[in-house]
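Ligands are counted one by one from 1 in listed order, and the atoms in each one are counted from 1 as well. The chain is numbered in sequence order, starting from 1.
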Amino acid sequence: MKAIMYHYVREYDDLLPNFRFLDFRNFGKQLDFFERNFGFVEKEEWDEALTSGLNETVSGKVILTFDDAMSCHYDYVFPELEKRNLWGIFYVPSLPYVENKILDVHRIHLLCGAYDGRDILNILLNIVTEDMIPDTKIKEFRNKTYSNQKNYEGVSEFKRILNYFVSYDYRESIINDVAESLDYKFDPDNFYTSVENLIKMNSAGNIIGSHSVNHPVMSKLSRAKQHDQIKDSFDFLNRIGCIQHKTYCHPYGGFHSFNNDTIDLLESEGVDYSFNVESREITINDLKNSKHFLPRFDCNLFEFGDAS
Ligand SMILES: [Zn+2]
């Protein structure tokens, strides 16, 4: 059985010429490809696999997962799944619904989509000062950024500094400053799937899961803060009546993005299962012994899955 991870599935937008997304037509082609080659896991089969382990009938089949609750999941993905009688798991960060703002992780995507990577990197390097970087990261930051300026990478460097180097105490205001210096305005009202539409998708048989409150690298947070991220995000899903399975997905993904505290907390909060990013099939052993970091493939590892 293989889980597939998707983020943006949409159409080209003139206002975001450098935006990375999977074109919705290729999404359809990829679903055709999965249908022809692997088949899809039925929801009842997934329930059964979770309770009693894998059975032969689901071997090699596909489960679809969608991260971050972008509005394109309702606009493009949901109708396509409905048309094909398929279901998916949608992982939702809760803060946008509580504070009506776009998360930093997505504001970074929008800036990278709207401008040339080298331009925004230059702006960023003029704003970030070393007192915004935790001591433990300063050396690495110097090595990886200033000394490498000749062959800087633009977008990936921009993302690395904001996601990895700067302290979360400064990140929001740094992004505000970058956007302001470009006179770029974020539009929180249309970026995410609305609560009403999440409820519709849930009622139609899709599973809605937690993707934390504001999508931090959990391994950067104290245990207490990680606890709040997990608990508060499930409280939100409870409030809107969208918990069929108590499931969670690690923000960013990869083994560096969470730690033992995260796994402990998922266990003690009674979470049923959680997804990580790791390019391999889900095995019986995963469901039994490592259900809080189930592997998932990025969609770009399969035909038609490349970002435009
Ligand atoms: Zn995410």
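At a threshold of 4.0 Å, the pair Lys231-Asp235 counts as salt-bridged, since one of the basic side-chain nitrogens sits closer than that to a carboxylate oxygen.
Contacts classified as salt bridge (charged side-chain N to carboxylate O under 4.0 Å, His left out) and involving residues 288-305 (residues at least two apart or in different chains) are given here: Asp67-Arg296. Sorted by first then second residue, the salt bridge (charged side-chain N to carboxylate O under 4.0 Å, His left out) pairs that include residues 272-287, not counting sequence neighbours, are Lys2-Glu281, Glu278-Arg280, Arg280-Asp286.
Relative to the ring axis of Phe234, Lys246 places its NZ or CZ within 45° and under 6.0 Å from the centre.
With hydrogens and angles left out, the side-chain atoms of Asp47 and His245 include a donor and acceptor closer than 3.5 Å.
In this view, His227 satisfies the ring-ring contact (aromatic ring centres under 6.0 Å, His included) rule with no residue, not counting sequence neighbours.
Taking distances strictly below 2.8 Å, the protein N/O/S atoms close to the Zn ion (ligand 1) are Asp68 OD1, His211 NE2, His215 NE2.
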